[in-house]
Amino acid sequence: MLRAHETEIAADAAPGGCYGNAMATKQHLYLVDGSAYIFRAYHRLPPLTDPEGTPVGAVYGYTTMLWKLADDLHKADGPTHLAVVLDKASTSFRNEIYSEYKANRPEPPEDLVPQFPLIRDATRAFSLPCIEEPDVEADDIIASYARAATRQGWDVTIVSSDKDLMQLVGKCAEPDDGVEGGCIDMLDTMKNQRIDVPEVEEKFGVAPELVGDVLALMGDSVDNIPGIYGVGPKTATKLIQEHGDLEGALAAAPAMKKSKLKERLIEGADMARLSRVLVTLKEDCPLPVALDDLKLDAIPPGPLAAFLDRHGFTSLRKRLDTGTGSPARTTELSPAKQETEAAAPAEGASRQPLPDMPPCDHGAYECVTSLEALDRWIERAFAARLVAFDTETSALDAMRADLVGVSLALGPNDACYIPLGHGGTDMFAEKPEQIDREKALERLKPLLESDTVLKVGQNAKYDLNVLARHGIAVAPVDDTMIVSFCLDAGRDENLRGHGMDELAERHLGHSCIPFKDVCGTGKKAISFAEVALDRATCYAAEDAEVTWRLHRVLKPRLSDEGGTRIYERVDRPLIPVVASMERHGIRVDREKLAGLSAQFAEEIGALEAEIHGLAGESFTIGSPKQLGEILFDRMGHKGGRKGKSGQYSTDQSVLEDLAAQGVAMAGKVLDWRQLSKLRSTYTEALQAAINPDTGRVHTSYSLVGAQTGRLSSTDPNLQNIPIRTEIGRQIRDCFVSEAGNVLLAADYSQIELRLAAHMADVPELKDAFAAGEDIHARTATEMFGVVDRDTRARAKTINFAILYGISRWGLAGRLGVEPDEAQAMIDRYFERFPGIQRYIVATLEKVRGCGYSETLFGRKTWFPRINSKRQAERQGSERAAINAPIQGTSADIIKRAMVRMGPALEDAGLRHVRMLLQVHDELVFELPENDVAAAGPVIERVMAEAALPSVRIDVPMGIEIGSGTSWGAAH
DNA sequence: GGCCGAACGTA
DNA sequence: GTACGTTCGGCCC
């Protein structure tokens, strides 16, 4: 019967018998892997509930995905047929051949369980066929449908990201029915990515038909497929690449050189063959619904509306009513379709065009070259009370760059560019017509400083600094980059930087003109000042306009998603504060640096000669590759271990071991490395970083640099200036105050441990901090009963290990003990401080459930891999998730202190105290020597009380303050 | 010129 | 074991 159907369909699909190029008649079956999808949706979306309190986050994600698919049905490669396949199997044929199959699969989270039946409801609401079979796994059903469809010449898209299904990609049917076979690809709707043969090859390093062989070797801990112990994706791929296929790799094992891998391959050969069978998809399952019954038709709005109402999906309901972006519509799409599709509220990750916004039109931008035109824009901006702005400059360094132009945007395709410095700064050079820079800035200043007009920037700190150098104090300011950071920190590995191009792609579906297309790259790069005005206008006005659009999409999400508090109270007010610190910069003693550099150079030279002498040949000491070969191959020293790159490791611990064995060269190389590092990274680089205009070093802080909320510092990085060794400390002495001034350093002592004691509610630790005790000594007492140098050092290590998310192996490595012993210490720690264990368990539960961690001030950090099936990935996320609330709360506290510091000093009449640097738990100020006595207590109080009144930490904040004419002396 | 991994500086 | 940024060699195009 089935055959009859298939033949019929094949005939339908190709009127006139023409298969090859008839896009319009080609059938395209979409197979949605529903079960896998909701697991992913569950972990990516917030824990929403419907009006009755049923958790529906995953269902919501699933519904929007179906909506989008149904919407694509008129596209060239959109679906003509669609089925949702659900996993109903508790057992399958795989259990018959391997009883352990899926034996250790964990129970799904409890707020996901009630969502499974809703998936069926949602599918029915769309009037889509839902296929599930007892004792047949979804993957096998999908494979069977895919196979049957391609046999008929249909194309197939599998909506899933399951790696097992990637075996099917590209596979075409044999032309046994006289039909040209269709092709199979996959669609990952979460990442909005098509997976075709090249993507599979990129992921696995082999063609799709060999993916099963790779999977068989690597196994799968979630499905409990054994594979070969110790073989992961990398090794599996390599083996298959080298030996052709699984049997080839197994056959080659006996001839391999002696290694763990060789033994395991030989011993595990049968397990690998069994795994191969387990990962093979069954392609001949009976098809419970005939292919042509999967035809996608008009979707009746009635059941869908009822479903959306019932679960409170109001935004989708609105879309259904207005018919905009409605999947129920079957008419051809209007050209405006893309823009009328509403953004889903809960999906920060969604890539959907904006409501009522036309696409960007570069032709609509105005190049403003007259004062009259400029005045019109300024007037309209005042009326609009919100203007997105951007500055174009001649370089990336805000403290050195010349202002080249300013762009403004008031709405979609309502943007302009005001060129001010094109043609360069040469007074006699030929320049394009443009408004005089000073005159234009004079007009812009009232707008940019007006209390009643919100200025929106993307990384506005940069523009603030550029304009501050022209006497304009831009305020008030919103920053789309910071908003994105407050909403989506860590949410997607592809969006770490919150840069405009990425945000535009993600939230607007818009690709910005790449900067390199305008200014070129590398040697041939030109300054923005050299760019012709028409091209400059497109690029610059687009930047302002995209910023305007991003603001419109992102800002409302703050209140919806609980980001307002951290944005308004911490990160947003910090922008001008950090901008001001950057502008002040810090003085460094160039002569002293140069002196150190010369001294280091001499010592480096001497060490080099000694090392070459000991080696018996000349080589590049800075090359770990060459060094490893010399030490372990040529000189035959023991202790060589190779990392995954196949290279010997020659890091500090390895060299220290060698030195302890009496290898003179190892110690010399360590000294050489320290001096080389200090010289190239600090004494040389810092001299080069001195700004010729100000004579000071101006770092650039990134406000979105660390997922936890910390700042980061670049160009130069002033957050990693040496302090631990005496020789490194000399570099801190090169950071100096101006004559008559001193530097004052104030740091939070042990802030992260104090926060851990508070957040985990550990009475012993809280008491110890309250009493001003030595916290590591107290820990040693609790742990070992005695305090001496050794137990205190161990206790300190363990305390830090806790903050970083502990593992027995990690702690063992640090303490130089066996993992068992380390585990015993961890157990003891948890026993003595049960609050710590409760904190860890509660934190992980929360993150696994809702996808993010939170600081005491409500800063979210997302951990998309917290439920990954890859153990290393998952455990890495777990450690980061344990650390993030502590590190992040610490970051919040010092940021709050920074925001309050200026006004507090001002109130105290201390107008000459300048905050210069922040190093995570330390603030560095420059101030007149005479102000130290008055400023110290103010600074201390602001820092100590920074959490209040929002949060009361029931442990005192210890602040240590010192001052001196150099940073080194201030410690 | 651009990218990656190793190594190492900080909290 | 957390969070970063920079330098270098080695390799690619």
Side-chain angles (χ1 to χ4, degrees), chain A residues 489-490 496 516 520-525 619-628 642-655 669-670 672-682 684-686 689 699-702 704-725 727-729 731-732 747-753 756 797-815 819 822 826 840 853 861 863 872 875-888 890-891 894 917-922:
Chain A
R496 288 182 71 89
K516 63 178 190 326
T521 174
K523 255 180 152 176
K524 293 190 294 275
F619 69 102
T620 308
I621 303 169
S623 160
K625 184 168 181 283
Q626 293 183 35
L627 178 65
K642 291 190 176 180
K644 52 183 167 186
S645 64
Q647 242 189 71
Y648 289 110
S649 167
T650 65
D651 68 15
Q652 203 161 352
S653 66
V654 171
L655 294 183
V669 171
L670 282 171
W672 182 92
R673 280 210 184 136
Q674 185 190 16
L675 290 168
S676 301
K677 177 83 178 174
L678 295 178
R679 186 174 130 88
S680 63
T681 311
Y682 303 108
E684 285 295 307
L686 282 172
T699 185
S700 173
Y701 288 102
S702 169
V704 298
Q707 309 298 338
T708 52
R710 275 189 177 180
L711 305 187
S712 68
S713 156
T714 60
D715 309 303
N717 180 353
L718 294 187
Q719 290 181 322
N720 71 344
I721 301 300
I723 191 165
R724 289 177 188 173
T725 63
I727 186 160
R729 209 163 302 146
I731 293 168
R732 285 214 173 200
D747 63 76
Y748 285 100
S749 149
Q750 312 272 25
I751 186 168
E752 294 195 0
L753 268 178
T797 302
I798 297 168
N799 276 332
F800 279 106
I802 294 295
L803 299 180
Y804 296 154
I806 202 159
S807 87
R808 69 187 76 173
W809 302 279
L811 184 61
R814 270 302 168 104
L815 289 175
I826 295 169
I840 291 173
S853 69
T861 303
F863 295 92
Q875 290 179 340
S877 292
E878 288 172 355
R879 289 191 296 270
I882 291 166
N883 179 247
I886 300 170
Q887 190 186 115
S890 158
I894 196 167
L917 303 179
Q918 189 252 43
V919 193
H920 308 309
D921 63 5
E922 173 184 7

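Quick note on labels: first sequence line is chain A, next is B, and so on, each numbered from 1. Predicted model, so just to flag it, every value in this text is computed and none were measured.
- Side-chain atoms of A:Arg729 and A:Pro722, non-hydrogen and from C-beta on, never get closer than 4.5 Å to each other.
- When the side-chain nitrogen and oxygen atoms of A:Arg724 are compared with OP1 and OP2 of B:dT10, one or more of them lie within a distance under 4.0 Å.
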For nucleotides 4-7 of chain B, list the nitrogen or oxygen atoms of the protein found under 3.5 Å from its nitrogen or oxygen atoms, one pair per line.
residue	atom	partner	partner atom	Å
B:dA6	OP1	A:Ser645	OG	3.4
B:dA7	OP1	A:Thr650	N	2.7
B:dA7	OP1	A:Thr650	OG1	3.0
B:dA7	O3'	A:Arg673	NH1	3.2

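- At a threshold of 4.0 angstrom between heavy atoms, the contacts of A:Ser713 are confined to the sugar-phosphate backbone, with no base atom among them.
- When heavy atoms are screened at a 4.0 angstrom cut-off, A:Phe800 is found touching no nucleic acid atom at all.
- The CG atom of A:Leu718 sits 13 Å away from the P atom of B:dA11 (whole-angstrom rounding).
- Partners of A:Ser649 according to the side-chain contact (heavy atoms from CB on, under 4.5 Å) rule, which considers only residues two or more places apart in sequence or in another chain, are A:Arg641, A:Asp651, A:Val654.
- A:Gly805 comes within 4.0 angstrom of a base, heavy atoms only.
- Between A:Asn720 atom CG and B:dG9 atom P the separation is 10 Å, expressed in whole Å.
- Look at CH2 on A:Trp672: it is 11 Å from P on B:dC8, rounded to the nearest Å.
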Quick one, A:Gln719 with A:Leu711, criterion side chain to side chain contact (heavy atoms under 4.5 Å, CB included). Give me CA distance, side-chain angles, the key distance, then yes/no. CA-CA 9 Å; A:Gln719 290 181 322; A:Leu711 305 187; 4.2 Å; yes
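- Note on A:Gln707: only backbone sugar-phosphate atoms sit closer than 4.0 angstrom, heavy atoms only; bases stay farther off.
- Residue A:Ile723 is classed as a sugar-phosphate contact, given heavy-atom separations below 4.0 Å to backbone atoms only.
- With a 4.5 Å cut-off on side-chain heavy atoms, A:Gln750 and A:Leu753 count as touching.
- Taking the side chain as every heavy atom from C-beta outward, A:Lys625 and A:Thr650 never approach each other to under 4.5 Å.
- Counting any heavy atom pair closer than 4.0 Å across all strands shown, A:Thr699 reaches no nucleic acid atom.
- Nucleotides of DNA chain C lying under 4.0 Å from heavy atoms of chain A occupy a range whose first and last members, 5' to 3', are C:dG1 to C:dC11.
- A:Asp747 pairs by the side-chain contact (heavy atoms from CB on, under 4.5 Å) definition with A:Asp921, A:Glu922, A:Glu960, A:His971, not counting sequence neighbours.
- A:Asp715 comes within 4.0 angstrom of sugar-phosphate atoms only, judged by non-hydrogen atoms across all strands, and of no base.
- Contact check on A:Arg710 versus A:Glu752 returns a salt bridge, with a Lys/Arg side-chain nitrogen under 4.0 Å from an Asp/Glu carboxylate oxygen.
- When heavy atoms are screened at a 4.0 angstrom cut-off, A:Ile721 is found touching the sugar-phosphate backbone but no base atom.
- Nucleotide B:dT10 holds its C1' atom 6 Å from the NE2 atom of A:His920, rounded to whole Å.
- Nucleic acid contact class of A:Arg710 (heavy atoms, under 4.0 Å, all strands): base.
- Note on A:Ala880: only backbone sugar-phosphate atoms sit closer than 4.0 angstrom, heavy atoms only; bases stay farther off.
- Within the nucleic acid shown, A:Gln626 comes within 4.0 Å of sugar-phosphate atoms alone, with no base atom in reach, counting heavy atoms only.
- Remark: P of B:dG9 and CZ of A:Arg729 are 14 Å apart, rounded to the nearest angstrom.
- A search for side-chain contact (heavy atoms from CB on, under 4.5 Å) contacts involving A:Tyr804 returns A:Phe800, A:Asn883, not counting sequence neighbours.
- Using a 4.5 Å heavy-atom threshold, the side chains of A:Tyr682 and A:Asn717 count as separate.
- A search for side-chain contact (heavy atoms from CB on, under 4.5 Å) contacts involving A:Gln707 returns A:Ala489, A:Arg496, A:Thr861, not counting sequence neighbours.
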